[in-house]
Amino acid sequence: MIEPVTITTERLKLRPYTLDDCEELTRVIGRREIYETTLNIPHPYTIEDARSYIGRNDEARLNDRDFPCAVTLKQSGAIIGGCGLMVNRKMDRAEMGYWMAVEQWGKGYTTEAARALIRHGFEVLNLNCIEAHHFVSNPASGRVMTKAGMRFEGRLRQRAKKDGQYHDVDMYSIIRSEYEASRK
Ligand SMILES: CC(C)(COP(=O)(O)OP(=O)(O)OC[C@H]1O[C@@H](n2cnc3c(N)ncnc32)[C@H](O)[C@@H]1OP(=O)(O)O)[C@@H](O)C(=O)NCCC(=O)NCCS
């Protein structure tokens with residue numbers, strides 16, 4: 001059996017989800033605020049959604065395709081968010097995504113998780129580029145990207161469609177040479 005990869009930071013542990021997480025995940029991710037600025041999280045979020053998402057994760061990790069993680073508090077083990085890399089192996093590139101429990105917003109947890117994911121992406125997954133996108137109406141996410149060392153690439157006009165509305169999207173990225181320079 002392949003040992004599941006976990007990442008430990010100052011306050012967090014990023015680890016694979018297991019089916020035992022279904023109830024906790026459903027409770028934490030279920031707030032409408034999280035749905036509103038994301039594209040792939042259903043609302044209302046059901047136990048079935050959690051089961052199907054977690055079921056798909058193992059396969060993705062094993063195939064070196066995606067790197068989805070539960071964001072948990074190191075001290076208590078509580079799930080407070082989720083993050084991940086969707087890997088395009090052919091391009092040595094990944095897209096980063098994340099969400100955080102509403103009651104934990106503004107504590108720097110997502111930035112801490114994003115920095116750890118970026119490090120993992122370059123140092124372990126051997127990527128060349130990590131990108132991320134956010135709705136223009138969600139500046140907190142752009143702030144996370146900036147704080148994690150990513151650079152603004154541009155505004156993609158009406159790139160996303162959600163609930164029948166088109167949204168402008170800001171794109172950020174960090175490339176390997178920038179990451180390495182930042183480590184010196
Ligand atoms: C976006 C999100 C992940 C941020 O999580 P978080 O844990 O609060 O992020 P952090 O605490 O690490 O950093 C947030 C930063 O945004 C800033 N911020 C918050 N609201 C803001 C606003 N309206 N405008 C500009 N900056 C804002 C905070 O002040 C903080 O920056 P600072 O440290 O310089 O003060 C969280 O709000 C969330 O889960 N939203 C719903 C899901 C989502 O949008 N996911 C991202 C999709 S691209």
Side-chain angles (χ1 to χ4, degrees), residues 7-15 17 21 24-46 49-50 53-54 57 60 66-88 93-121 127 129-163 165-174 179 182:
I7 302 174
T8 304
T9 66
E10 193 190 336
R11 297 175 294 172
L12 305 173
K13 185 170 162 186
L14 314 187
R15 61 154 175 85
Y17 290 97
D21 296 324
E24 195 178 0
L25 172 62
T26 303
R27 195 173 59 247
V28 179
I29 203 174
R31 289 276 292 268
R32 185 155 181 101
E33 292 93 324
I34 293 174
Y35 165 79
E36 270 163 1
T37 49
T38 52
L39 285 172
N40 299 315
I41 299 176
H43 186 80
Y45 197 93
T46 65
D49 291 323
Y53 171 68
I54 292 171
N57 279 350
D66 294 349
F67 187 71
C69 301
V71 177
T72 67
L73 287 175
K74 204 157 83 175
Q75 279 202 336
S76 66
I79 294 177
I80 58 164
C83 66
L85 295 171
M86 280 173 292
V87 179
N88 180 333
R93 187 177 74 209
E95 180 175 345
M96 180 170 67
Y98 43 70
W99 61 271
M100 178 56 54
V102 175
E103 52 281 6
Q104 304 290 355
W105 286 7
K107 298 180 183 173
Y109 286 136
T110 305
T111 304
E112 194 169 319
R115 285 181 179 144
L117 265 189
I118 288 171
R119 191 179 323 120
H120 186 80
L127 297 171
C129 175
I130 299 175
E131 63 184 45
H133 309 81
H134 70 84
F135 289 179
V136 170
S137 55
N138 185 19
S141 185
R143 189 73 197 116
V144 169
M145 292 168 198
T146 303
K147 287 193 294 176
M150 303 178 101
R151 278 169 54 174
F152 178 64
E153 291 244 21
R155 182 156 293 180
L156 310 176
R157 295 176 306 149
Q158 302 196 0
R159 175 56 62 103
K161 184 179 178 187
K162 185 177 174 75
D163 297 338
Q165 303 267 33
Y166 298 109
H167 292 261
D168 290 353
V169 163
D170 281 353
M171 177 174 169
Y172 285 70
S173 71
I174 178 168
Y179 170 77
S182 75

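Remember, it's 1-based here, ligands and their atoms both numbered in the order they're listed.
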Where the closest heavy atom to atom 45 (N) of ligand 1 is concerned, which of Y98, W105, W99 has it?
Y98
Decide whether the shortest distance between a heavy atom of K147 and an atom of ligand 1 is less than 4.0 Å.
yes
the protein heavy atom lying closest to atom 11 (O) of ligand 1 turns out to be G108 N, 2.8 Å
Subset of ligand 1 atoms that lie under 4.0 Å from at least one heavy atom of G106:
6 (P), 8 (O), 11 (O)
Suppose I only count heavy atoms of H133 and a 4.0 Å limit; which atoms of ligand 1 are within that range?
48 (S)
Top protein contact for atom 21 (C) of ligand 1, by heavy-atom distance
A140 CB, 3.9 Å
Answer with yes or no whether E112 contacts ligand 1, where contact means a heavy atom under 4.0 Å from a ligand atom.
no
protein heavy-atom neighbour closest to atom 47 (C) of ligand 1 works out as T37 O, 3.6 Å
Decide if the gap between the ring center of Y45 and the ring center of Y35 is smaller than 6.0 angstrom.
no
Are any side-chain N or O atoms of Y172 and backbone N or O atoms of H134, one a donor and one an acceptor, separated by less than 3.5 Å?
no
heavy-atom search around atom 22 (C) of ligand 1 in the protein gives P139 CG, 3.7 Å
Is the shortest distance from atom 28 (C) of ligand 1 to a protein heavy atom below 4.0 Å?
no
Does atom 8 (O) of ligand 1 have any protein heavy atom closer than 4.0 Å?
yes
Is there a polar contact, in the sense of an N or O pair closer than 3.5 Å, between M145 and ligand 1?
no
Side chains of K147 and T111, donor plus acceptor under 3.5 Å
yes
Using distance alone, decide if ligand 1 has a nitrogen or oxygen within less than 3.5 Å of any nitrogen or oxygen in R143.
yes
Looking just at side-chain N and O atoms, do Q165 and K162 make a donor-acceptor pair shorter than 3.5 Å?
no
So, using salt bridge (Lys or Arg N to Asp or Glu O under 4.0 Å) as the criterion, who are the partners of D170 when residues are at least two apart?
R155
In residues 25-33, what donor-acceptor pairs under 3.5 Å come from side-chain atoms, sequence neighbours left out?
residue : atom : partner : partner atom : Å
T26     : OG1  : C22     : O            : 2.6
R31     : NE   : E33     : OE1          : 3.2
R31     : NH2  : E33     : OE2          : 2.9
R32     : NE   : E36     : OE2          : 3.3

Considering non-hydrogen atoms only, spot the tightest contact between A116 and L14 and give its length.
CB-CD1, 4.2 Å
